[in-house]
There are 2 protein chains.
Amino acid sequence: MAMTVKEVADLVGISVRTLHYYDEIGLLTPDETTKSGYRLYSDDNLEMLQQILFFKELGFPLKKIKEIINSPSFDRHEALVLQRKMLLEKRRRLDKVIATIDKTIQHMKGEIQMTNKEKFEGFDFSHNPYEQEARERWGDEAVDKANAKIGSMSKDEQEAMAKAMNSIYQKLAALRNGSPESEEAQAAIKEWYDFLNNNFGNYSLEAFKGLGQMYVDDERFTKNIDQFGEGLAKFMRDAMAVFADKNKK
Amino acid sequence: MAMTVKEVADLVGISVRTLHYYDEIGLLTPDETTKSGYRLYSDDNLEMLQQILFFKELGFPLKKIKEIINSPSFDRHEALVLQRKMLLEKRRRLDKVIATIDKTIQHMKGEIQMTNKEKFEGFDFSHNPYEQEARERWGDEAVDKANAKIGSMSKDEQEAMAKAMNSIYQKLAALRNGSPESEEAQAAIKEWYDFLNNNFGNYSLEAFKGLGQMYVDDERFTKNIDQFGEGLAKFMRDAMAVFADKNKK
DNA sequence: ATAAAGTATCACGTAACGTGAGAGTCAACA
DNA sequence: TGTTGACTCTCACGTTACGTGATACTTTAT
């Protein structure tokens, strides 16, 4: 089950140094380490590594990969589907390059003419049409800001924060079939409001209400939140609106 | 006809800095420069750039690309054919990665099982099956050594050397239908022998004879030499053998 | 129990540019 | 003719994703 660096390296076809490096930059930290400091990779770690390699294949820089897979709105299945689309696009590009080679060979034999532009078809490095989509899904400003803060925290702090968030989410999920105006619901929402204000920028009541709306408008948030319970996003939106309106007066 | 840096950059889809860099490391030096120092790229330069990008697409480091395209045995047509093969191989790899994604998506849904090995199929970075072939064709030790020496020379020196070599080749080509033992042939071959000894390692008579044999055994040499005249390689081999045997006694 | 193989952490090196900074050059328009 | 804006040049330092030892400790195999 748990694999050492070399075992992983050999299985995957990368170097040990690469795994060390990924650990160093916090991209892939093994779940476990022996008391003598040896890294031990779990099956979950392997799946994460697979994700990382898919993104790498598509030319994403490690920093961006880290952002994406650490994003609170990251969804593995969605990622795989998009990656598939991007890889198909990459293959189309490769086909173009091959066609360009074929043409060039013919051109050399004097069989056909070729414009300068044609000689470089397929070499479109800079522009990946799906990179924009990826950015929109996982990389927008708000998320970036949150991630930046999370990224600057120590591992222990990160865990503590994740725990705190989960705890609040779970509390709310348990209440989601009741009224968003109930005392317990409003108390839990206040916890959420305070949590956000303590850990991220300072949210005005308006912004807080707007954020709640985003939870249902933006499917990235919806999906993630509803993992704690079907309909939680909607419930939170309602409770957050009530909270905002109530405390405004 | 002659294009400026930005024109080339825009046409090809690379940065100006990249062209500057390629010039800096001597990978692609523009044929012409204006008196104020502006780089002007010819159509030949564009073709060379295309070659470079094909190799880059295949993951060759620039240093190796430089070696290859400066190799005396470099043949553009042959290169294109091999590059085509390598690109097809790359596409097969890409297809494997896509298949792996498909499997992973199914695996997530619980539809199928997947071994850890299967999760990383297609990610075979290190091993390009054609890299070896490329190395054999263009990168063997002798050629590397010669290239290293040529590479360490100034551009003027390189031109001077190319001129000298061409002059000897042409002289020999003119004699190739006569006897390899003729006085003129032996005189020209002596020039060749001295030239090699002055410019590259020191060839013994035996090594010189062996080199001649390579001219017909190794098609890389044959092709290049016969450009000066059909059958020149064989003629040189014979003349070099005669020269070696005669001077040994 | 001793060698061989694996692992850890520095720490410096490398490749292929990116990114200003500062200064000169060129085409076009007022 | 002068000026402006787009290009160009050459330093020169920064960055990414590791490679490559060096040195020391740990685990596995015989």
Side-chain angles (χ1 to χ4, degrees), chain A residues 2-41 45 48-49 51-69 123-128 131 151 155, chain B residues 2-41 45 49 51-69 123-128 131 151:
Chain A
M3 299 174 69
T4 66
V5 268
K6 182 153 199 274
E7 284 167 354
V8 174
D10 288 346
L11 171 69
V12 178
I14 60 180
S15 71
V16 170
R17 168 66 176 148
T18 298
L19 289 169
H20 283 169
Y21 182 64
Y22 288 178
D23 189 6
E24 188 184 327
I25 64 172
L27 177 60
L28 181 67
T29 310
D31 274 352
E32 228 181 315
T33 52
T34 69
K35 64 186 171 190
S36 53
Y38 283 28
R39 296 170 176 80
L40 292 178
Y41 292 84
N45 291 149
M48 196 53 105
L49 179 54
Q51 270 299 317
I52 292 169
L53 293 184
F54 282 140
F55 278 116
K56 242 195 73 181
E57 178 76 36
L58 291 163
F60 284 74
L62 299 186
K63 212 173 189 174
K64 182 131 299 180
I65 298 178
K66 187 181 171 185
E67 270 181 35
I68 291 176
I69 63 184
F123 287 129
D124 199 5
F125 304 103
S126 49
H127 200 65
N128 180 334
E131 201 181 317
K155 211 189 153 190
Chain B
M3 299 173 69
T4 67
V5 267
K6 181 152 200 275
E7 285 167 353
V8 174
D10 287 347
L11 171 68
V12 178
I14 60 179
S15 72
V16 170
R17 168 66 176 144
T18 298
L19 289 169
H20 283 169
Y21 182 64
Y22 288 179
D23 189 7
E24 190 184 325
I25 64 171
L27 177 60
L28 181 67
T29 309
D31 273 352
E32 227 182 314
T33 53
T34 70
K35 65 186 172 187
S36 53
Y38 284 28
R39 295 169 177 80
L40 294 178
Y41 292 84
N45 291 148
L49 178 55
Q51 270 300 316
I52 291 169
L53 294 183
F54 282 139
F55 278 117
K56 242 195 75 181
E57 178 76 37
L58 291 163
F60 283 74
L62 300 186
K63 212 174 191 175
K64 181 131 303 181
I65 298 178
K66 188 181 171 186
E67 270 182 35
I68 290 176
I69 64 184
F123 286 129
D124 199 4
F125 303 103
S126 48
H127 200 68
N128 181 334
E131 204 181 315

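Heavy-atom basis, side chains included; hydrogens, waters and symmetry copies ignored. Per chain, numbering begins at 1; letters A, B, ... match sequence-line order. Everything numeric in this text was worked out from a predicted model, so none of it was measured.
Residue-level contact check: Val16(A) touches neither bases nor backbone, having no heavy atom under 4.0 Å from any strand. Residue-level contact check: Thr34(B) touches neither bases nor backbone, having no heavy atom under 4.0 Å from any strand. At the heavy-atom level, Thr4(B) lies under 4.0 Å from the strands shown only through sugar-phosphate atoms.
When atom types are taken as modelled, the side chain of Asp23(A) and the backbone of Pro30(A) share no donor-acceptor pair closer than 3.5 angstrom. Panel note: side chain Asp31(A), backbone Asn45(A); no donor-acceptor pair is recorded below 3.5 Å.
Going from atom NZ of Lys35(B) over to atom C1' of dT8(D) covers 15 Å, rounded to whole Å. As a whole-Å value, the separation of Glu24(A) CD from dT9(C) C1' is 10 Å. The interatomic distance linking His20(B) (NE2) with dC17(C) (C1') rounds to 13 Å, in whole Å. In this structure, CD of Glu32(B) is placed 16 Å from C1' of dT8(D), rounded to the nearest angstrom. When the C1' atom of dA16(C) is taken as reference, atom NZ of Lys64(B) falls 17 Å away, rounded to whole Å. In this structure, Lys63(B) atom NZ and dC17(C) atom C1' are separated by 16 Å, rounded to whole Å. One interatomic measurement links the two molecules: CG of Leu27(A) to P of dT16(D), which rounds to 13 Å at whole-angstrom precision. Protein atom CG of Leu40(A) is 11 Å distant from nucleotide atom P of dT27(D), rounded to whole Å.
Taking the six-membered ring where the residue is Trp, Phe123(A) and Phe54(B) present tilted rings, their angle falling between 30° and 60°.
Distances shown here put every side-chain N or O of Lys6(B) at or beyond 4.0 Å from the OP1 or OP2 atom of dA6(D). The side chain of Arg39(A) contributes no N or O atom lying less than 4.0 Å from OP1 or OP2 of dG6(C). The phosphate of dT27(D) has OP1 or OP2 within less than 4.0 Å of a side-chain N or O from Ser36(A). One finds a side-chain N or O of Tyr22(A) lying less than 4.0 angstrom from the OP1 or OP2 phosphate oxygen of dC18(D). Between Lys56(B) and dC17(C), a side-chain N or O to OP1/OP2 separation shorter than 4.0 Å is present.
Considering Met3(B), His20(B), Glu32(B) in turn, His20(B) is the only one that fulfils the side chain to side chain contact (heavy atoms under 4.5 Å, CB included) rule with Arg39(B).
Looking at which nucleotide of DNA chain C each of Arg17(A) and Tyr38(A) is closest to, the 5′-most match is held by Tyr38(A).
The two residues Ile65(A) and Ile52(A) make their nearest non-hydrogen contact at CD1-O, 3.8 Å.
Residue Tyr21(B) places no side-chain atom within donor-acceptor reach of the base of dG18(C), judged by atom type and a 3.5 Å distance cut-off alone.
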